[in-house]
There are 2 protein chains.
Amino acid sequence: MKKKSTHEQFVAYLRSEGKNITPERMLILDEVLAQKAHFKIDDIIDKMSCAEKKISRATVYRSIKTIENAGLIKYIRSINDEKIYEVVKKHHDHMICESCGKIIEFHDNDLETLQDAICESHGFVPQRHTMKIFGLCEKCKS
Amino acid sequence: MKKKSTHEQFVAYLRSEGKNITPERMLILDEVLAQKAHFKIDDIIDKMSCAEKKISRATVYRSIKTIENAGLIKYIRSINDEKIYEVVKKHHDHMICESCGKIIEFHDNDLETLQDAICESHGFVPQRHTMKIFGLCEKCKS
DNA sequence: TAATAATTGAGATTAAATCTCAATTATATG
DNA sequence: CATATAATTGAGATTTAATCTCAATTATTA
């Protein structure tokens with residue numbers, strides 16, 4: 001059972017929602033996947049506005065939201081409250097350096113287990129969570 | 001050693017920053033403290049714009065930011081990305097119901113300890129964190 | 001291939017938050 | 001207490017991110 005590529009996942013999502021598969025959407029997905037770990041929507045808008053095939057700001061906003069709804073990207077809020085997007089891989093949380101803005105991804109099974117237990121004791125059914133730890137990274141702490 | 005009231009804390013903060021103690025600031029702090037657990041800035045703006053002594057929108061925004069900088073209030077983002085303020089009491093995290101929007105505050109010492117340990121293993125010095133668990137509350141889960 | 005429905009681009013619009021600047025007010029000082 | 005100085009306020013203008021509008025274009029279905 002081969003794992004679906006992100007492209008295939010997106011196409012499947014579009015079909016399931018009765019949405020059209022347009023070059024604009026696919027090109028924006030390409031650009032998203034070509035980004036470094038974390039990116040802002042303006043990074044994509046800038047690229048698309050001077051690309052071979054120019055794509056408008058409105059369409060970038062619309063497509064990013066579609067890709068987000070497809071569960072392929074998500075965002076966290078930076079220190080300045082900007083939306084910082086990232087491609088959704090396996091679940092992880094974030095440490096954010098207050099000094100240099102560096103974002104460190106981490107995952108810890110014990111943490112997840114503990115969270116589930118806490119939810120259960122509150123009669124709460126967890127579906128997803130976000131955790132951001134702010135502080136100083138290795139470089140900035142000294 | 002009596003614990004300082006929130007008013008006293010705010011006054012102390014203003015003095016320490018060389019800021020003036022104005023009726024507008026103190027009235028906005030009063031209104032903030034009179035709010036229910038979670039409130040939006042528009043709740044305060046609405047109150048202040050039809051209060052005995054009217055205070056402008058700009059001043060509410062400015063004072064809320066000052067009170068926030070004083071460490072007396074903070075905000076989390078709701079499901080719709082709105083800023084939801086709350087008075088800072090002892091540290092806690094949040095569960096947010098995706099169905100009814102209910103916000104549950106919780107605190108767990110093991111969780112905090114575990115977080116610190118994880119940070120240490122990354123050479124990261126934690127200063128504060130936010131954790132939001134989204135899911136379904138007791139009422140909405142059935 | 002034609003009919004239908006969805007999407008796009010460009011600029012207008014919205015909403016939250018901030019800024020501008022003249023008028024007002026708090027504070028420090030003699 | 002009176003005054004000089006600096007900080008703050010109000011009102012509306014402005015900014016910024018994001019969304020909306022609608023005619024023109026394009027994808028999809030039959």
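Basis for what follows: all heavy atoms, side chains included, without hydrogens, waters or symmetry-related copies. Letters A, B, ... are given to chains in the order of the sequence lines, protein chains preceding strands, and every chain is numbered from 1.
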Distance check needed: [N] [atom2] versus [X] [atom1], whole Å only.
X: A:Asn80; N: C:dT18; atom1: CG; atom2: C1'; result: 15 Å
X: A:Glu82; N: C:dA16; atom1: CD; atom2: C1'; result: 16 Å
X: B:Tyr13; N: D:dA7; atom1: OH; atom2: C1'; result: 14 Å
X: B:Ile44; N: C:dA17; atom1: CD1; atom2: P; result: 13 Å
X: A:Ile45; N: D:dA17; atom1: CD1; atom2: C1'; result: 9 Å
X: A:Glu17; N: C:dT7; atom1: CD; atom2: C1'; result: 16 Å
X: B:Met26; N: C:dA26; atom1: CE; atom2: P; result: 13 Å

Name the orientation class of the two ring planes belonging to B:Phe10 and B:Tyr13 (parallel below 30°, tilted from 30 to 60°, perpendicular beyond 60°).
parallel

Short N-O contact, A:Lys40 and A:Glu82, less than 4.0 angstrom:
yes

Is A:Glu24 salt-bridged to A:Arg62, going by a charged N under 4.0 Å from an acidic O?
no

Which pairs, with at least one residue in residues 46-83 of chain B and sequence neighbours excluded, count as a ring-ring contact (aromatic ring centres under 6.0 Å, His included)?
B:Tyr75-B:Tyr85

Tell me which residues in residues 53-74 of chain A put a heavy atom below 4.0 Å from DNA chain C, sorted by number, or none.
A:Lys54, A:Ile55, A:Ser56, A:Ala58, A:Thr59, A:Arg62

Sorted by number, the residues of residues 31-41 of chain A with heavy-atom contact under 4.0 Å to DNA chain C
none

If the condition is side-chain hydrogen bond (donor to acceptor under 3.5 Å, both in side chains), which residues does B:His107 pass it with, not counting sequence neighbours?
B:Asn109

Can you tell me if B:Lys132 has over 12 outside heavy atoms packed within less than 6.0 Å of its NZ?
yes

What are the two closest non-hydrogen atoms of [X] and [Y], and how far apart are they?
X: A:Leu111; Y: A:Phe106; answer: CD2-CE1, 4.0 Å
X: B:Pro23; Y: B:Lys53; answer: CB-CE, 4.5 Å
X: B:Ile79; Y: B:Cys97; answer: CD1-O, 3.3 Å

In 5'-to-3' order, the base (B), backbone-only (S) or no-contact (-) status of each nucleotide in nucleotides 25-30 of chain D, using a 4.0 angstrom heavy-atom cut-off, is --SS--

Under a 3.5 Å threshold, yes or no: a donor from one side chain and an acceptor from the other, between B:His91 and B:Glu105?
no

Output a table of donor-acceptor pairs, distance under 3.5 Å, between side-chain atoms of residues 133-142 of chain A and any protein atom two or more places apart or on a different chain; print 'none' if there are none.
from	atom 1	to	atom 2	distance (Å)
A:Lys141	NZ	B:Gly123	O	3.3

